[in-house]
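Encoded as structure tokens, the structure appears first; notes follow it.
Lettering of chains follows the sequences in order, A, B, ..., and the numbering in each one begins at 1.
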Amino acid sequence: MAEMYIRVAEEENEEPMEIPSEDDGTVLLSTVAAQFPGACGLRYRSPVSQCMRGVRLVEGVLHAPENGWGNLVYVVNYPKGRKMDEIDASSATKIKRGDQKTSDLIVLGLPWKTTEQDLKDYFNTFGEVIMVQVKRDVKTGNSKGFGFVRFAEWEAQGKVMSQRHMIDGRWCDCKLPNSKQGPDEPMRSRKVFVGRCTEDITADELRQFFMQYGEVTDVFIPKPFRAFAFVTFADDQVAASLCGEDLIIKGVSVHISNAEPKHNNTRQMMERAGRFGNGFGGQGFGGNRSNLSRHVFGSGDG
DNA sequence: GTTGAGCGTT
């Protein structure tokens, strides 16, 4: 099938955006989510029944209605029926920190050859880039394979964190750096452990699959293959809701459970082990209370 | 074969 686009909008009467289909005529949920972060499906108004109808979604792949995609406008579904901005707005007021300030994002997995100019050129397509760095060995000047980027706009930062990035031929991840993550609130786990994976299930397929439950911010498959993976969601409640489930992915029954904390930070392990309530009062723990509540599930996502 | 990389000379 030749290149084809379907029309997608956030609301029925808003201006639609054209989204490309795959060669087989299906549309990937991830393609939709690239334009509408957090999307978990599509619906449309049936010309026949005048009712809204859901688009069939199988493992991250959206299938055309019986008579093809046609010229209908498809409306984006969001988890729990809430739009991204609404989620942002509500959590913003909950966290009661007025407007969102941007922070540096770490860019992991850069090709050795990538320069700061390359980074800037790439990220400028998401928003105004106000800082880029490529970290280099001080002696040799060789890239260390990671860097930092900072956007002017919070929206750009959110978008960039919610997807992977092909930069100079390698997939890169952008995350909040360890030094920046949530001193405000201990994070409930947004990450689940996916057991009984088979080797033919790719990270992409996991992302495609889990996207139907909520926005996926990270997928990790340890290499060499060890029959498990980690999936991180933007929303801890989504993660929690899946724990204990057996889900079928590509015909394989995988088991979802809580991701245990990565083993490498004493403070985090203590925090997990149990409330030390007031009993800890002493000194020694770095003093800074906010550090105590730093979340325990690894780098936001990694 | 069921618990994961890498984090910033300010």
query = How close or far is atom C1' of B:dA5 from atom CG of A:Asn178, stated in whole angstroms?
reply = 11 Å
request  = Just label B:dG4 as syn or anti from its O4'-C1'-N9-C4 or O4'-C1'-N1-C2 angle, using within 90° of 0 for syn.
outcome  = syn
query = Just how far, in rounded Å, is P of B:dG8 from NZ of A:Lys175?
reply = 15 Å
A:Arg45 with A:Glu12: basic N within carboxylate O range, under 4.0 Å = yes
ask   = In terms of side-chain geometry, is the basic nitrogen of A:Asp168 or A:Lys113 positioned less than 4.0 Å from the acidic oxygen of its partner?
value = no
query = Does B:dT9 have OP1 or OP2 sitting under 4.0 Å from an N or O in the side chain of A:Lys135?
reply = yes
query = With a centroid cutoff of 5.5 Å and a plane-angle limit of 30°, would you call A:Phe146 stacked on B:dG8?
reply = no
request  = List in numerical order all residues of residues 104-126 of chain A for which some heavy atom is under 4.0 Å away from an atom belonging to DNA chain B.
outcome  = A:Asp104, A:Ile106, A:Leu108, A:Gly109
task = Find which nucleotide of DNA chain B each of A:Gly195 and A:Lys223 is nearest to by heavy atoms, and output the residue with the more 5' nucleotide.
result = A:Gly195
inquiry  = Once you measure the plane-to-plane angle for A:Phe230 and A:Phe220, does it fall in the parallel (<30°), tilted (30-60°) or perpendicular (>60°) bin?
reply    = tilted
request  = Measure the distance from CD1 on A:Ile256 to P on B:dT2 and round it to the nearest whole Å.
outcome  = 15 Å
query = Should we count CD of A:Gln50 as having more than 12 external heavy atoms under 6.0 Å?
reply = yes
request  = Have a look at A:Phe230 and say if it touches a base, only the backbone sugar-phosphate, or nothing, with a 4.0 Å heavy-atom cut-off.
outcome  = base
task = Check the distance between B:dT10's P and A:Arg136's CZ and give it to me in whole angstrom.
result = 18 Å
Pi stacking test for A:Phe228 and B:dT2: under 5.5 Å apart, planes under 30° = no
Pairs flagged by ring-ring contact (aromatic ring centres under 6.0 Å, His included) wherever residues 45-72 of chain A is involved - sequence neighbours left out = A:Trp69-A:Tyr74
message = With a 4.0 Å limit, can you tell me whether A:Arg226 has a side-chain N or O closer than that to the phosphate oxygens OP1/OP2 of B:dG4?
response = yes
task = Using only heavy-atom distances, decide whether a donor-acceptor pair under 3.5 angstrom links the side-chain of A:Lys144 to the base of B:dG6.
result = no
inquiry  = I'd like to know if A:Arg190 and A:Asp236 make a salt bridge, using a cut-off of under 4.0 Å between side-chain N and carboxylate O.
reply    = no
remark   = Out of B:dG1, B:dG4, B:dG8, minimum distance to the side chain of A:Phe225 belongs to B:dG1
request  = Please state how far atom NZ in A:Lys139 lies from atom C1' in B:dT9, giving the value in whole angstrom units.
outcome  = 12 Å
task = Examine distances only and state if a side-chain atom of A:His255 and a backbone atom of A:Ser253 form a donor-acceptor pair shorter than 3.5 Å.
result = no
message = Distance check needed: B:dT2 C1' versus A:Ile249 CD1, whole Å only.
response = 14 Å
query = Atom CE of A:Met161 and atom P of B:dC7: how far apart are they, to the nearest Å?
reply = 19 Å
